Amino acid sequence: GAGVSQSPSNKVTEKGKDVELRCDPISGHTALYWYRQRLGQGLEFLIYFQGNSAPDKSGLPSDRFSAERTGESVSTLTIQRTQQEDSAVYLCASSLAVTGGPGNTIYFGEGSWLTVV
Amino acid sequence: DAKTTQPPSMDCAEGRAANLPCNHSTISGNEYVYWYRQIHSQGPQYIIHGLKNNETNEMASLIITEDRKSSTLILPHATLRDTAVYYCIVRVAGANNLFFGTGTRLTVIP
């Protein structure tokens, strides 16, 4: 598609279960980002990929969170043993490259809404 | 840490120009100013960005002061669908992400 695609759009899961969230970036975009946004709050940066590598994982909230990217394309954010505080919308974004110069605008998907009950 | 300061909220009458200010007094010479907006329950939407010169596209205009310490996003004819939170962001050169502050909640009033 033309934009960043995320799935599922909505997910309700029981506390303690694992979830996987998928992101398909814009074709040709080498940089991919994950953000989290809790209800009524701002965007919280989690992790970025340059190609298939994630140089900095310090934004991930805990060791229950992990992310990977393959083929310089699809990325998966995995949350293990979900907790209620994990409830949020998880936003994926992509850009041509990482640096902040022209042409490297970051484009967002519509997010995956996660509710942990 | 946010490098920008924006008013928390603004109102604008439908059909009038909405002027959203942003202060970025510590901006460096190679840092761009980006504007995004987030309509309720949607992902952030890119609006416009600039470095030194004023910029215009089909959505908005961006006016950057000569000293680059502040900027204004202008929506020339606000509609009800422009009601959203507007984020002014300084993109640090080489940075690996956009840092979103608290933004300005714009409400367009009929």
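Letters A, B, ... mirror the listed sequences (proteins, then strands); counts begin at 1. Quick caveat, the model's predicted, so the values are computed rather than measured. Atoms considered below: every heavy atom in the structure, side chains included; atoms not considered: hydrogens, waters and symmetry mates.
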Task: Backbone of I106(A) reached by a side-chain donor or acceptor of Y36(B) within 3.5 Å - done: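 It does hold such a pair.
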
Open item on the list: Using only non-hydrogen atoms and a strict under-4.5 angstrom cutoff, which residues of residues 110-117 of chain A touch chain B?
Closed with: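 Within residues 110-117 of chain A, the residues that come under 4.5 Å of chain B (heavy atoms only) are E110(A), W113(A).
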
- [ ] Search all heavy atoms of P44(B) against all heavy atoms of L91(A) and return the closest pair with its distance.
- [x]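 Closest pair (atom of P44(B), atom of L91(A), distance): CD-CD1, 3.9 Å.
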
Open item on the list: Could you check whether atom CD of E14(A) has more than 12 heavy atoms from other residues, nucleotides or ligands sitting under 6.0 Å from it?
Closed with: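 Incorrect, the count does not exceed 12.
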
Open item on the list: Atom CZ of residue position R105(B) - does it have more than 12 heavy atoms of other residues, nucleotides or ligands inside 6.0 Å?
Closed with: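 No, because the 6.0 Å sphere around CZ of R105(B) holds 12 heavy atoms or fewer from other groups.
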
- [ ] Any chance you could lay out the ring pair (Phe, Tyr, Trp, His ring centres under 6.0 Å) test for F100(B) and F108(A), step after step, and finish with the verdict?
- [x] CA-CA 13 Å; F100(B) 286 77; F108(A) 285 81; 5.7 Å; yes

- [ ] Could you grab the distance from atom CG of L43(A) to atom OG1 of T102(B), nearest 0.5 Å is fine?
- [x]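 That separation rounds to 12.0 Å.
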
Open item on the list: For the OG1 atom of T105(A) and the CD1 atom of I48(B), what is their distance to the nearest 0.5 Å?
Closed with: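 Between atom OG1 of T105(A) and atom CD1 of I48(B) there are 10.5 Å.
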
Show me, pair by pair, the donor-acceptor contacts under 3.5 angstrom made by side chains of residues 11-22 of chain B, not counting sequence neighbours?
none

Open item on the list: Who clusters with L39(A)? Use side-chain heavy atoms, under 4.5 angstrom, across I, L, V, M, F, W and Y, and order the result by chain and number.
Closed with: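 Via sub-4.5 Å side-chain contacts, L39(A) links to none.
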
- [ ] Among Ile, Leu, Val, Met, Phe, Trp and Tyr joined by side-chain contacts under 4.5 Å, find the other residues sharing a cluster with I63(B) and list them by chain and number.
- [x]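 Its cluster mates, by chain and number, are I74(B).
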
Open item on the list: Can you tell me which portion of Q38(B) sits under 4.5 Å from chain A's heavy atoms? Options are side chain, backbone, both or neither.
Closed with: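 Only the side chain of Q38(B) comes within 4.5 Å of chain A.
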
Open item on the list: Counting only non-hydrogen atoms closer than 4.5 Å, does Q6(A) touch chain B with its backbone (N, CA, C, O), its side chain (CB onward), both, or neither?
Closed with: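 It is neither, since no heavy atom gets under 4.5 Å.
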
